[in-house]
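Accompanying notes for the structure given below.
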2 protein chains.
Amino acid sequence: MSNLNIYTKKLRESSLRPTRQRLKICEVLFSPDKTFHFTINDLTKILEEKLSEKISLATVYNTVHAFKKKGYLKEISINSDKSYFDTNVTDHHHFFDEDTNELIDCGDKEIDSINIKKNITGKKIKSVEVLIKVATDNQNQN
Amino acid sequence: MSNLNIYTKKLRESSLRPTRQRLKICEVLFSPDKTFHFTINDLTKILEEKLSEKISLATVYNTVHAFKKKGYLKEISINSDKSYFDTNVTDHHHFFDEDTNELIDCGDKEIDSINIKKNITGKKIKSVEVLIKVATDNQNQN
DNA sequence: ATTTACATTAAAATAATTCTAAACTGTTGA
DNA sequence: TCAACAGTTTAGAATTATTTTAATGTAAAT
C-alpha cells in the first residue's frame, strides 16, 4: 500500500476526510522511520518549512486531536506549559531532560513491570505511565 | 511552636516576607491535618470563601510557586489543562480519576520499587513519578 | 454536475499564567 | 522610634496555548 493510501486510511479511520492539508500533516507525522516527540508548535514549524502554502493552526490542532482520539498519537504530560505528543503509541515510559526540555523514550523493557497493590473500587486502570525527570546536576527538582 | 510561627518560618525559608495575604495562604495550605491536592483555581476559591478581603491572583501564583521551588509543595502533571499541586511532598505516586478529574495518592509502598535499567549519560535522575489513570469503564484511554 | 456535508481559514474568544507599574508595607538601622 | 529601602500587593494589561466562530472552500454522494 502506498504511503498516500496509508494516510488516507488513517484519516478515514479517524473520521477525517483526506484533504491536502491533512495529508501533509500525515506525511510529517507518519513517514519518518523513527517515531518522535513533538509539540503543536514544533509540528507547525516543520509544516511551514516543508510547504509553500501554510496550514492554519486550527487545522493542525483538529487533526492532531483526532489522531490522538483514534490512538494514532499519544499525548504525554510533563508540565502544564505545553502538550507533548508521541508518534510512538506502544506502551512505554519517558525520560524528560529538564535541561533541554526534551523527551526520551524509555521502553517497557527498561523498567521492571510495575505492580500496583492498591486499587480504586469500581474503577479500571486505563494506563500506567512513568515519567523520569533528569538533569545534569544541582538543578531544581520540580 | 504556634501555627503562625510555623508559617512565618516556611515563608522566610522560601525567601518570602510573612505578609497578611501570604499567612492566609499558609493557613489554607498547611493547617489541615490531611494533605490534599489543588489547582490555583481551587485555592483561590477557598481563599475567597474564608476571607473578607480578597487576594490577587498574582499573589497566589507567586506564593505557590515560591513554595514549590522550596519544596513545600509539589506539582503534579496530568494533562496540559491545569496545574495540580500537592501539599504532600513525600515520595509517592498518583491515581487520576478521569471521570471526576480527581487526584488520589498512591503511597510509595503501594507500588513495588521501580528499577530503571536505562540511564542517560551525564544526567542524574531527579524524580520518578508514576501516574495511573483510572475510569469506570469504556472511557477514552488518552 | 450538483448538492450537501464536512473543512479550512483568519480572526475573535477563552483560559491559564505572567508581567507591569503604581501604591503599600515589613524590616533595618540610625 | 521612625525614616528609608527593599520587597509586596494589586488591578489590569500582556502573553501563550488552545478553541470557537462564521464565512468561504472542497470532497464525496447522488
Side-chain angles (χ1 to χ4, degrees), chain A residues 4-5 7-28 37-48 51-70 73 75-85 101 142, chain B residues 4-5 7-28 37-48 51-70 73 75-85 101 142:
Chain A
L4 198 89
N5 287 337
Y7 303 157
T8 302
K9 188 161 176 266
K10 288 203 176 201
L11 284 166
R12 289 223 182 282
E13 285 172 355
S14 309
S15 326
L16 295 176
R17 283 183 185 167
T19 62
R20 198 171 61 255
Q21 293 87 341
R22 285 173 180 160
L23 287 168
K24 273 295 168 195
I25 294 174
C26 283
E27 202 177 308
V28 171
H37 305 105
F38 65 93
T39 64
I40 295 285
N41 198 31
D42 296 338
L43 179 54
T44 307
K45 273 205 197 108
I46 298 171
L47 286 166
E48 271 169 11
L51 268 65
S52 42
E53 70 180 322
K54 96 160 155 275
I55 300 182
S56 137
L57 249 191
T59 300
V60 179
Y61 272 100
N62 292 342
T63 307
V64 165
H65 282 130
F67 280 145
K68 174 192 154 180
K69 194 174 169 193
K70 179 61 188 177
L73 289 175
E75 189 169 5
I76 318 290
S77 307
I78 288 124
N79 55 47
S80 35
D81 299 356
K82 244 159 200 163
S83 275
Y84 288 75
F85 292 89
N101 270 33
N142 180 216
Chain B
L4 198 91
N5 286 337
Y7 303 157
T8 301
K9 188 161 174 268
K10 288 202 174 198
L11 285 167
R12 288 221 183 286
E13 284 173 358
S14 310
S15 325
L16 296 177
R17 284 183 185 168
T19 62
R20 199 170 63 254
Q21 293 87 340
R22 286 175 179 160
L23 287 168
K24 274 293 167 194
I25 293 174
C26 283
E27 203 178 307
V28 171
H37 306 105
F38 65 94
T39 63
I40 295 285
N41 197 33
D42 295 339
L43 179 54
T44 308
K45 273 204 197 109
I46 298 171
L47 286 165
E48 271 171 10
L51 270 67
S52 41
E53 70 179 324
K54 94 159 158 279
I55 299 181
S56 136
L57 249 190
T59 301
V60 178
Y61 271 100
N62 290 342
T63 307
V64 165
H65 282 131
F67 280 146
K68 175 191 154 182
K69 191 173 172 193
K70 180 62 189 176
L73 289 175
E75 190 168 7
I76 319 290
S77 307
I78 288 125
N79 55 49
S80 36
D81 298 356
K82 244 162 200 157
S83 274
Y84 287 75
F85 291 90
N101 270 33
N142 181 217

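Chain letters run A, B, ... following the sequence lines, proteins first and then strands; every chain starts at 1. Keep in mind that the numbers below use all heavy atoms, side chains included, and drop hydrogens, waters and symmetry copies.
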Strictly below 4.0 Å: does [X] bring a side-chain N or O up to OP1 or OP2 of [N]?
{"X": "Thr59(A)", "N": "dT9(C)", "answer": "yes"}
{"X": "Arg22(B)", "N": "dG26(C)", "answer": "no"}
{"X": "Gln21(B)", "N": "dT25(C)", "answer": "no"}
{"X": "Tyr61(A)", "N": "dT18(D)", "answer": "yes"}

Exercise. Could you encode protein contacts along nucleotides 22-28 of chain D as a string, one character per nucleotide from 5' to 3', using B for base contact, S for sugar-phosphate-only contact and - for no contact, with a heavy-atom cut-off of under 4.0 Å?
Key: -----BS
Self-check item: Shortest non-hydrogen contact from Lys24(A) toward Leu51(A)
Solution: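 Looks like CD-CD1, 3.4 Å.
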Spacing between [X] atom [atom1] and [N] atom [atom2], to the nearest angstrom:
{"X": "Leu57(A)", "N": "dT9(C)", "atom1": "CG", "atom2": "P", "value": "10 Å"}
{"X": "Ile25(A)", "N": "dT9(C)", "atom1": "CD1", "atom2": "C1'", "value": "13 Å"}
{"X": "Leu11(B)", "N": "dT8(D)", "atom1": "CG", "atom2": "P", "value": "10 Å"}
{"X": "His65(B)", "N": "dA16(C)", "atom1": "NE2", "atom2": "P", "value": "14 Å"}
{"X": "Leu47(B)", "N": "dT9(D)", "atom1": "CG", "atom2": "C1'", "value": "14 Å"}
{"X": "Asp42(B)", "N": "dT17(C)", "atom1": "CG", "atom2": "P", "value": "11 Å"}
{"X": "Asn62(A)", "N": "dT19(D)", "atom1": "CG", "atom2": "C1'", "value": "9 Å"}
{"X": "Ile55(B)", "N": "dT25(C)", "atom1": "CD1", "atom2": "C1'", "value": "15 Å"}

Of all residues at least two apart in sequence or in a different chain, which pass the side chain to side chain contact (heavy atoms under 4.5 Å, CB included) check with [X]?
{"X": "Ser56(B)", "result": "Ala58(B), Thr59(B)"}
{"X": "Lys45(B)", "result": "Asn41(B)"}
{"X": "Leu23(A)", "result": "Leu4(A), Tyr7(A), Thr8(A), Leu11(A), Pro18(A)"}

Quiz item: What residues form a side-chain hydrogen bond (donor to acceptor under 3.5 Å, both in side chains) with Asp42(A), not counting sequence neighbours?
Solution: Thr39(A)
Quiz item: Ser56(A) has a side chain; which of dT9(D), dA10(C), dC19(C) sits nearest to it?
Solution: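 Minimum distance to the Ser56(A) side chain belongs to dA10(C).
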Self-check item: Test ring-ring contact (aromatic ring centres under 6.0 Å, His included) applied to Tyr61(B) - qualifying residues, sequence neighbours left out
Solution: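 Testing Tyr61(B) for ring-ring contact (aromatic ring centres under 6.0 Å, His included), a comparison that skips the adjacent residues, returns none.
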Determine the contact category for [X]: base if any of its heavy atoms lies under 4.0 Å from a base atom, sugar-phosphate if only primed atoms, P, OP1 or OP2 are that close, otherwise nothing.
{"X": "Ser15(B)", "answer": "sugar-phosphate"}
{"X": "Leu16(B)", "answer": "sugar-phosphate"}
{"X": "Thr39(A)", "answer": "nothing"}

Quiz item: Are any of the side-chain nitrogens in Glu13(B) or Lys10(B) under 4.0 Å away from the carboxylate oxygens of its partner?
Solution: no
